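On a predicted model such as this, the values are computed, not experimentally measured, just so you know. The chain is numbered in sequence order, starting from 1. In listed order, ligands and their atoms are each counted from 1.
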Amino acid sequence: MNSVTVRVPAKVNLQLAVGPLRDDGYHDLVNVFHAVSIFDEVTATAETGMSVRVEGESADQVPEDDDNLAIQAALALARHAGRSYGVNLIIRKSIPVAGGMAGGSADAAAALVACNELWGLGLPMDDLLEIAADLGSDVPFALLGGTAVGTGRGERLTPLEVAGTFHWVFALADGGLSTATVYAECDRMREAMGEKVAWPRAGESLLAALRDGDARALGAELTNDLQPAAVMLRRSLARTLDAGREQGALGSLVSGSGPTCAFLAESEIHAGELAASLKSAGVARDLIIAHGPVPGPTVV
Ligand code: ATP
């Protein structure tokens with residue numbers, strides 16, 4: 001086999017509960033991940049060295065050297081296999097860069113799956129998940145797809161049963177937000193307000209809404225502890241979120257560390273109407289209609 005192409009989805013967090021800051025600088029999280037139908041594509045082609053090229057949505061903001069998470073994933077996989085494999089990766093991006101939708105993690109997961117296949121390693125999912133956890137806390141979920149609760153730094157995953165499909169509108173913003181900066185702002189705001197931070201727990205009503213496929217109930221339960229920090233750093237997000245509520249979204253929140261905002265709709269038709277109203281309200285650079293949950297990386 002000379003070349004393998006893998007399609008990989010973005011994620012939105014349905015609940016992101018951020019616990020107290022730990023001594024190691026990380027936070028304990030409860031993270032309800034949900035994979036949605038916005039896809040990057042990664043093509044891995046056999047080559048002697050390691051190289052990467054990025055095309056599409058905001059490609060100029062993605063490194064084309066060893067800082068690229070997909071290249072790091074390929075290197076980690078080769079190390080795990082104890083061989084000096086080579087690969088050329090071409091990443092076609094549709095997932096917004098630095099948008100809180102884990103695009104880099106998705107590309108890393110896609111590279112693991114593509115190179116496992118290309119190099120004929122046949123490693124089981126458990127081995128890939130172990131390598132993924134070392135690459136970043138969102139990479140294991142990117143391998144899994146569907147809907148899952150992540151605990152720890154987000155990397156300990158329990159897949160969730162979800163009835164039916166949920167329909168979403170994503171409002172893309174100009175420019176990204178750095179995840180580290182948003183966490184730092186969250187810590188700063190909590191300290192300034194003398195907030196006592198509770199131990200994070202998955203919301204029972206949220207899990208029930210997912211089990212029942214109840215979009216209205218899910219809309220009422222969407223929460224993101226990073227949202228106040230993201231809105232503080234990017235004031236225009238408050239207007240975007242308000243516009244979604246005014247236009248009848250069942251629920252709205254900042255996706256992960258932002259600045260992408262997610263709006264839950266009642267149906268595919270409602271998602272189309274909502275996207276059109278948000279477009280005329282002029283509160284986003286672009287709007288994407290998507291659904292979830294969708295499976296993780298798929299060889300195409
Ligand atoms: P997360 O929600 O996982 O914290 P994000 O979705 O906000 O992250 P990404 O799109 O993953 O953000 O990008 C974060 C940073 O990682 C960007 O500044 C980008 O330069 C860098 N990066 C490295 N590799 C990639 C990649 N393959 N795709 C996108 N960004 C990458």
What protein heavy atom lies closest to [atom]? Include the residue and the distance to one decimal.
atom                    : value
atom 4 (O) of ligand 1  : Thr179 OG1, 2.7 Å
atom 3 (O) of ligand 1  : Asp138 OD2, 2.9 Å
atom 17 (C) of ligand 1 : Val97 CG1, 4.2 Å
atom 5 (P) of ligand 1  : Gly100 N, 3.6 Å
atom 27 (N) of ligand 1 : Asp107 OD2, 2.9 Å
atom 25 (C) of ligand 1 : Val62 CG1, 3.6 Å
atom 24 (N) of ligand 1 : Leu69 N, 3.0 Å

Does [X], backbone or side chain, put an N or O under 3.5 Å from an N or O of ligand 1?
X      : value
Gly104 : yes
Pro63  : no
Met101 : yes

Discussion item. With no hydrogens and no angle check, just 3.5 Å: does a side-chain donor-acceptor pair link His34 and Thr147?
Written reply: yes
Discussion item. Any donor-acceptor pair under 3.5 Å linking the side-chain atoms of Ser255 with those of Thr260?
Written reply: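 Note: Thr260 and Ser255 side chains miss the donor-acceptor criterion.
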Are more than 12 heavy atoms, taken from residues, nucleotides or ligands other than [X], located less than 6.0 Å from that residue's [atom1] atom?
X      : atom1 : value
Arg22  : CZ    : yes
Arg7   : CZ    : no
Glu268 : CD    : no
Glu47  : CD    : yes
Arg245 : CZ    : yes
Glu130 : CD    : no

Worksheet item: Below 4.0 Å from any atom of ligand 1, is there a heavy atom belonging to Ala106?
Response: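 False for this residue.
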Worksheet item: Under a heavy-atom criterion of less than 4.0 Å, does Gln72 contact ligand 1?
Response: no
I'd like to know if [X] and [Y] make a salt bridge, using a cut-off of under 4.0 Å between side-chain N and carboxylate O.
X      : Y      : value
Glu64  : Lys93  : no
Arg188 : Glu191 : no
Asp242 : Arg239 : no

Practice prompt. For Pro96, counting its heavy atoms only, list the atoms of ligand 1 lying under 4.0 Å from any of them.
Written response: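 Answer for ligand 1: 10 (O).
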Item to complete: Heavy-atom contacts with Asp67 under 4.0 Å: which atoms of ligand 1 show up? List them by number with element.
Response: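 By the 4.0 Å cutoff, the relevant atoms are 23 (C).
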Discussion item. Please classify the Gln61 to ligand 1 contact at 4.0 Å (heavy-atom distances, strictly less than): side chain, backbone, both or neither.
Written reply: backbone
Worksheet item: Which one holds for Ser178 and ligand 1: side chain close, backbone close, both close, or neither close, with close meaning a heavy atom under 4.0 Å?
Response: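 No part of Ser178 comes within reach of ligand 1.
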Worksheet item: Taking atom 12 (O) of ligand 1 as the point of reference, which of Ala98, Ala10, Gly258 owns the nearest heavy atom?
Response: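 That would be Ala98.
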Response to the item:
The option among Ala102, Gly136, Ser137, Gly256 carrying the non-hydrogen atom nearest to atom 2 (O) of ligand 1 is Ala102
Fill in: Flag: protein heavy atom within less than 4.0 Å of atom 9 (P) of ligand 1
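Within 4.0 Å: yes, protein heavy atom nearby.
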Practice prompt. Search all heavy atoms of Gly244 against all heavy atoms of Phe263 and return the closest pair with its distance.
Written response: CA-CE2, 3.4 Å
